[in-house]
Amino acid sequence: MIPLKLASWNVNSLRVRLDHLFLWLDSNRPDLVLLQETKVTDAAFPLEAVTARGYHAVFRGQKTYNGVAILGTAPLTAIDLALPEVLAREQRLCACLSADILVIDVYVPNGSEVGSEKYHYKLEWLHAFGTLVQSLLATYPRIIIAGDFNIAPEDRDVYDAETWHEAILCSTPERHALQRLFELGFADTFRLHHREDERFSWWDYRAAAFIRNRGLRIDLILASEPLISACRAADIDTVPRGWERPSDHAPVLAEFNT
DNA sequence: ATGGTCGTGGTACGA
């Protein structure tokens, strides 16, 4: 039985948040940390600094927007996902193997506003992603998908459900796209261990949203059915959101006995 | 910077 401590964090620029990341890694020491919105090209990825802190890395970045990376304490086996065009357009996915577990780092499109062009792109993206995951399950029964889903699964994951009713990040079509993953057998690891509301992973920079705990829980760690019973803890660490010049997201965690 | 803040790149745009 091998313990696996996995974290996911939308850092909103890896280069700006490198000190926060390392500070957090020093006190939490996850085996794997999945990063989103690295906003750095592969050529400019701070591999030397990451390596110096004892982490191996796989990363897929682009200029200005998006970008994902997985850091691990053990050497990582990158898995090159065969992506349809809609998923390959931007750098929103990367994957690696940890023992026999396929670990997928995901940064789902934000969608901007319900009904907008970006919203339809988000739904199209999510549909393609669901199909990809469904096909991967045939080869990899044990899958962890973690990242910024840009979807709050339920109203209890939203600070003011009335304000956010059918708004972006909360609309029924977005939640249905997430539901498809649950129907494939995935579980939201946070909800395996927590029933309470008012637990969030993202707070807008504006209007002192964090101090007032006006947030949403949109950063998720999903475990495929064979891994559900192996998940022994899950949580959100809001501490780094209170640091000076923070990411707008908090790191989320899940621990497994694999 | 169409309220509010932040990252990016050097321009408004995306979140």
Side-chain angles (χ1 to χ4, degrees), chain A residues 8-24 33-46 49-50 59-69 86-94 105-126 129 146-153 157-160 162-171 173-175 177-178 200-220 236 238-252:
Chain A
S8 172
W9 195 0
N10 181 325
V11 290
N12 186 16
S13 172
L14 179 57
R15 284 174 291 184
V16 169
R17 228 64 69 190
L18 208 51
D19 289 346
H20 280 198
L21 175 64
F22 289 152
L23 190 62
W24 190 79
V33 59
L34 283 57
L35 308 174
Q36 302 87 38
E37 285 205 88
T38 55
K39 297 185 176 180
V40 63
T41 61
D42 292 349
F45 189 89
V50 166
F59 42 87
R60 300 183 67 89
Q62 63 182 85
K63 204 169 82 164
T64 311
Y65 304 116
N66 311 313
V68 284
V86 66
L87 299 184
R89 228 178 275 173
E90 301 172 312
Q91 299 296 4
R92 297 181 175 277
L93 287 167
C94 72
D105 183 10
V106 58
Y107 175 50
V108 174
N110 172 280
S112 188
E113 279 183 62
V114 172
S116 68
E117 194 173 325
K118 288 188 172 65
Y119 178 74
H120 293 295
Y121 167 62
K122 179 180 194 175
L123 295 181
E124 185 189 2
W125 195 99
L126 285 165
F129 181 65
D148 179 356
F149 282 75
N150 269 316
I151 303 169
D157 300 309
V158 179
Y159 74 87
D160 182 344
E162 280 187 33
T163 297
W164 287 83
H165 179 70
E166 292 300 336
I168 196 65
L169 315 183
C170 301
S171 75
E174 292 169 84
R175 286 177 172 173
L178 190 57
F200 309 128
S201 68
W202 168 81
W203 303 257
D204 198 294
Y205 282 123
R206 293 168 289 191
F210 179 63
I211 297 167
R212 302 153 82 183
N213 201 28
R214 295 185 171 209
L216 276 69
R217 192 173 69 87
I218 57 176
D219 299 272
L220 312 174
I236 305 170
T238 59
V239 171
R241 185 63 178 80
W243 291 345
E244 192 177 341
R245 210 182 174 197
S247 168
D248 46 352
H249 294 252
V252 298

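Per chain, numbering begins at 1; letters A, B, ... match sequence-line order. Being a predicted model, the structure only gives us computed values, none of them experimental.
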_List the residues meeting salt bridge (Lys or Arg N to Asp or Glu O under 4.0 Å) with A:Arg175, not counting sequence neighbours, and say none if there are none._
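Counting only residues at least two positions away or on another chain, A:Arg175 forms a salt bridge (Lys or Arg N to Asp or Glu O under 4.0 Å) with A:Asp155.
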_Exercise: identify the closest heavy-atom pair between A:Arg60 and A:Leu93_ =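 In terms of heavy atoms, the two residues are closest at CD-O, 3.2 Å.
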Whole-Å gap separating [atom2] ([N]) and [atom1] ([X]):
X	N	atom1	atom2	answer
A:His20	B:dC6	NE2	C1'	13 Å
A:Tyr65	B:dT8	OH	P	11 Å
A:Ile151	B:dA15	CD1	P	14 Å
A:Trp164	B:dA15	CH2	P	14 Å
A:Asp204	B:dG7	CG	C1'	14 Å
A:Lys39	B:dG14	NZ	P	12 Å
A:Leu169	B:dG14	CG	P	16 Å
A:Asp248	B:dG14	CG	P	16 Å

*Assign A:Phe210 to base, sugar-phosphate, or nothing according to its heavy-atom contacts below 4.0 angstrom with the strands shown.*
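Here A:Phe210 touches no strand at all.
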*Assign A:Arg15 to base, sugar-phosphate, or nothing according to its heavy-atom contacts below 4.0 angstrom with the strands shown.*
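The residue A:Arg15 makes no contact with any strand.
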_Phosphate OP1/OP2 of B:dT5 contacted by A:Arg245 side-chain N/O (<4.0 Å)_ =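 Result: no.
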*Contact under 4.0 Å: A:Thr64 side-chain N or O vs B:dG7 OP1/OP2*: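 Checking B:dG7 against A:Thr64, no side-chain N or O comes under 4.0 Å of OP1 or OP2.
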*asked:* Tell me every residue that passes side chain to side chain donor-acceptor pair (under 3.5 Å) with A:Thr38, counting only those two or more places apart in sequence or in another chain.
replied: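 A:Thr38 satisfies side chain to side chain donor-acceptor pair (under 3.5 Å) with no other residue.
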Quick one: ring-ring contact (aromatic ring centres under 6.0 Å, His included) partners of [X], sequence neighbours excluded?
X	answer
A:Phe59	A:Phe45
A:Tyr107	none
A:Phe210	A:Trp203

_We want to know whether A:Gln91 and A:Asn66 form a side-chain donor-acceptor pair, criterion being a heavy-atom distance below 3.5 angstrom._
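No, no side-chain donor-acceptor contact under 3.5 Å.
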*Near-strand residues of residues 112-125 of chain A, defined as heavy-atom separation under 4.0 angstrom from DNA chain B*: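 Output list: A:Lys118.
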*The side chain of A:Ala207 lies closest to which of these nucleotides: B:dG4, B:dC13, B:dA15?*
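Among the listed nucleotides, the one closest to the side chain of A:Ala207 is B:dG4.
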_Residue met sooner reading DNA chain B from 5', once A:Asn10 and A:Lys63 are mapped to nucleotides_ =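 Mapping each residue to its closest nucleotide by heavy atoms, the 5'-most match is A:Lys63.
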_For A:Arg212 and A:Trp202, find the nucleotide of DNA chain B closest to each by heavy atoms; which residue's nucleotide sits nearer the 5' end?_
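Its nucleotide being nearer the 5' end, the pick is A:Arg212.
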